[in-house]
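All values below come from the heavy atoms of this structure, side chains included, with hydrogens, waters and symmetry mates left out. In what follows, every chain begins at residue 1, and chains take the letters A, B, ... in the order their sequences are listed.
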There are 2 protein chains.
Amino acid sequence: MCPVSTSRQYHHGDLRSALVASASKLLQKQGLAALSLREAARRAGVSHNAPYRHFADREALLAAVAEDGFRLLALRLEDAGLGGGRDLGEAYVAFALEHPQLFRLMFGGQIPIDRYPALREQASRAHGALSKAFSGVGSERDAANAAAAAWSLVHGLAQLLLDGHLPRAGGADPRAFAHEVIGAIRFAVGAQRSA
Amino acid sequence: MCPVSTSRQYHHGDLRSALVASASKLLQKQGLAALSLREAARRAGVSHNAPYRHFADREALLAAVAEDGFRLLALRLEDAGLGGGRDLGEAYVAFALEHPQLFRLMFGGQIPIDRYPALREQASRAHGALSKAFSGVGSERDAANAAAAAWSLVHGLAQLLLDGHLPRAGGADPRAFAHEVIGAIRFAVGAQRSA
DNA sequence: GCGGGATGTTGACACTGGGCACATCCTTAT
DNA sequence: ATAAGGATGTGCCCAGTGTCAACATCCCGC
């Protein structure tokens, strides 16, 4: 399929990777709207139609970029997993803040995940890293729900921070703010009970 | 040349509203990618450049649609607010599930909110409706953080449900699932403490 | 009336995603 | 080694889009 290291280059060598790379850079610098197939091709030094040999359409290229994103996120979470649930959450938010555009692409609903098995797999990996921290809580179902709730919490926090919806009470440092908010969920739970 | 112009009104009457309406419908039915200025104009029965008398560019039209979305969300939350924090959360998720595309537009980061004061105001209104439920919790700062945490939780849950990231354990009904997950946050808090 | 500003229209340009036929190069079987 | 054949990349084409500029039409205050 994809001869990796041994053979000489045909025309470009590894256009697929080059395209994903230039697309990622483009996404990070200029945002999703500016990410065009043609521009990515231009930066990779090939004609505007060459990408179609590697990606069915623009969406497929986006999916490849997102897949890389999920892979990176999963790695981060697996690293942070040793520190417990709260560290996981902060790592999640940190990832989003470091790669805002990438994060939006990954969760922006632009890509129908089920159509890209490789994408789904990396996403599941990230999911798994989060779930593991809650595997010992109550029944199996309780654990799954707790994991879903925790994921929701940190995911929503990341998203709202990116969109500038949360007036950051905790000063300039978003990481500290995230720490504070994640901790404050217990107050919310309390209020919920009393209501 | 169309010399017959008696029945056909040259001035549309309220083109701005008509454009927002057709854009909303378009968004809901076909998704953000299919929402073009030209198509919206076409559906409003007007030439492809007429929108520019009311919107500086495509983004401004999107902002107007999103503004309507926030207005609707705020209303929903204000209605649900009487029932307490948990009802609020479920109303939030329900809104997202009923208007998936609109919700994504509102929070997809496509629109720089700060550039559209009217948008910001409606968004703040929704925020306020959520915050009110936590106004009595601990110190003022605790309350703000609790509100942020609660918002994050339901927002993340909505987003993850829309993207199909959460395998729904609770059967077919997403509303019941949302109820369950929101309730499960306390397990997550417990796990967090013990970690 | 009538002139000016708001509103719509037509035309044009650059750009994009995507399809087609053709050129180029590598690999493999003969 | 060489010819067949498939993988890879190129050009040219088309429809659709956002946006600008010039022009047409309408409505309101003088």
Side-chain angles (χ1 to χ4, degrees), chain A residues 1-23 26-27 29-66 105 108 110-112 115-116, chain B residues 1-23 25-27 29-66 105 110-112 115-116:
Chain A
M1 300 279 193
C2 300
V4 187
S5 52
T6 55
S7 64
R8 269 267 171 267
Q9 312 178 343
Y10 323 146
H11 295 143
H12 182 281
D14 191 359
L15 183 55
R16 204 196 128 96
S17 307
L19 285 171
V20 173
S22 61
L26 212 49
L27 173 69
K29 286 192 180 174
Q30 318 242 15
L32 181 63
L35 203 181
S36 72
L37 264 181
R38 287 171 116 101
E39 185 61 29
R42 224 170 277 140
R43 306 227 170 174
V46 290
S47 85
H48 66 102
N49 246 346
Y52 284 92
R53 297 294 148 189
H54 301 271
F55 302 99
D57 50 16
R58 183 184 127 109
E59 193 181 87
L61 174 58
L62 294 184
V65 173
L105 172 65
Q110 306 270 330
I111 308 164
R115 215 171 297 158
Y116 300 91
Chain B
M1 298 212 181
C2 301
V4 186
S5 59
T6 48
S7 63
R8 179 90 183 75
Q9 260 192 346
Y10 192 89
H11 278 33
H12 179 283
D14 191 0
L15 183 55
R16 205 196 126 96
S17 307
L19 285 171
V20 173
S22 62
K25 201 168 284 183
L26 213 50
L27 173 67
K29 286 193 181 173
Q30 320 242 12
L32 181 62
L35 202 181
S36 72
L37 264 182
R38 287 174 111 106
E39 186 61 28
R42 222 169 279 140
R43 306 228 170 176
V46 107
S47 86
H48 65 102
N49 247 343
Y52 282 90
R53 297 294 148 194
H54 301 271
F55 301 99
D57 51 16
R58 183 182 127 108
E59 193 183 86
L61 174 60
L62 294 184
V65 173
L105 172 64
Q110 306 270 328
I111 308 165
R115 215 171 298 158
Y116 300 91

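Mapping Ser36(A) and Ser47(B) onto DNA chain C by nearest heavy atom places Ser47(B) at the nucleotide closer to the 5' end.
With hydrogens and angles ignored, the 3.5 Å screen pairs no side-chain donor or acceptor of Arg43(A) with any backbone N or O of Ala18(A).
Arg16(B) comes within 4.0 angstrom of nothing in the nucleic acid, heavy atoms only. Counting non-hydrogen atoms under 4.0 angstrom, His48(B) reaches a base of the nucleic acid.
Relative to the side chain of Asn49(A), the nucleotides dT10(D), dT9(C), dG18(D) differ in distance, and dT10(D) lies closest. Comparing atom distances between the His54(A) side chain and each of dT19(D), dT17(D), dT8(D) picks out dT8(D) as nearest. For Arg53(A), counting side-chain heavy atoms from C-beta on, the closest listed nucleotide (dG17(C), dG8(C), dA21(C)) is dA21(C).
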Quiz item: Does the side-chain contact (heavy atoms from CB on, under 4.5 Å) test come out yes or no for Ile111(A) and Leu105(A), once each step is laid out?
Solution: CA-CA 8 Å; Ile111(A) 308 164; Leu105(A) 172 65; 3.7 Å; yes

Practice problem: Could you give me the CA-CA distance, side-chain angles and deciding distance for His54(A) and Leu15(A), then say whether side-chain contact (heavy atoms from CB on, under 4.5 Å) is met? | Solution: CA-CA 8 Å; His54(A) 301 271; Leu15(A) 183 55; 3.7 Å; yes

Self-check item: Verdict with reasoning, Tyr116(A) to Leu62(A), per side-chain contact (heavy atoms from CB on, under 4.5 Å)
Solution: CA-CA 11 Å; Tyr116(A) 300 91; Leu62(A) 294 184; over 6 Å; no

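Residue Tyr52(A) has no polar side-chain atom (N or O) positioned under 4.0 Å from OP1 or OP2 of dG9(D).
Checked by distance alone, Arg58(A) brings no side-chain donor or acceptor within 3.5 Å of a matching partner on the base of dG17(C). No hydrogens or angles were tested; on distance alone, a donor-acceptor pair under 3.5 Å links the side chain of Arg38(A) to the base of dG17(C).
As rounded to whole Å, 5 Å separates atom P of dG17(C) from atom CG of Leu37(A).
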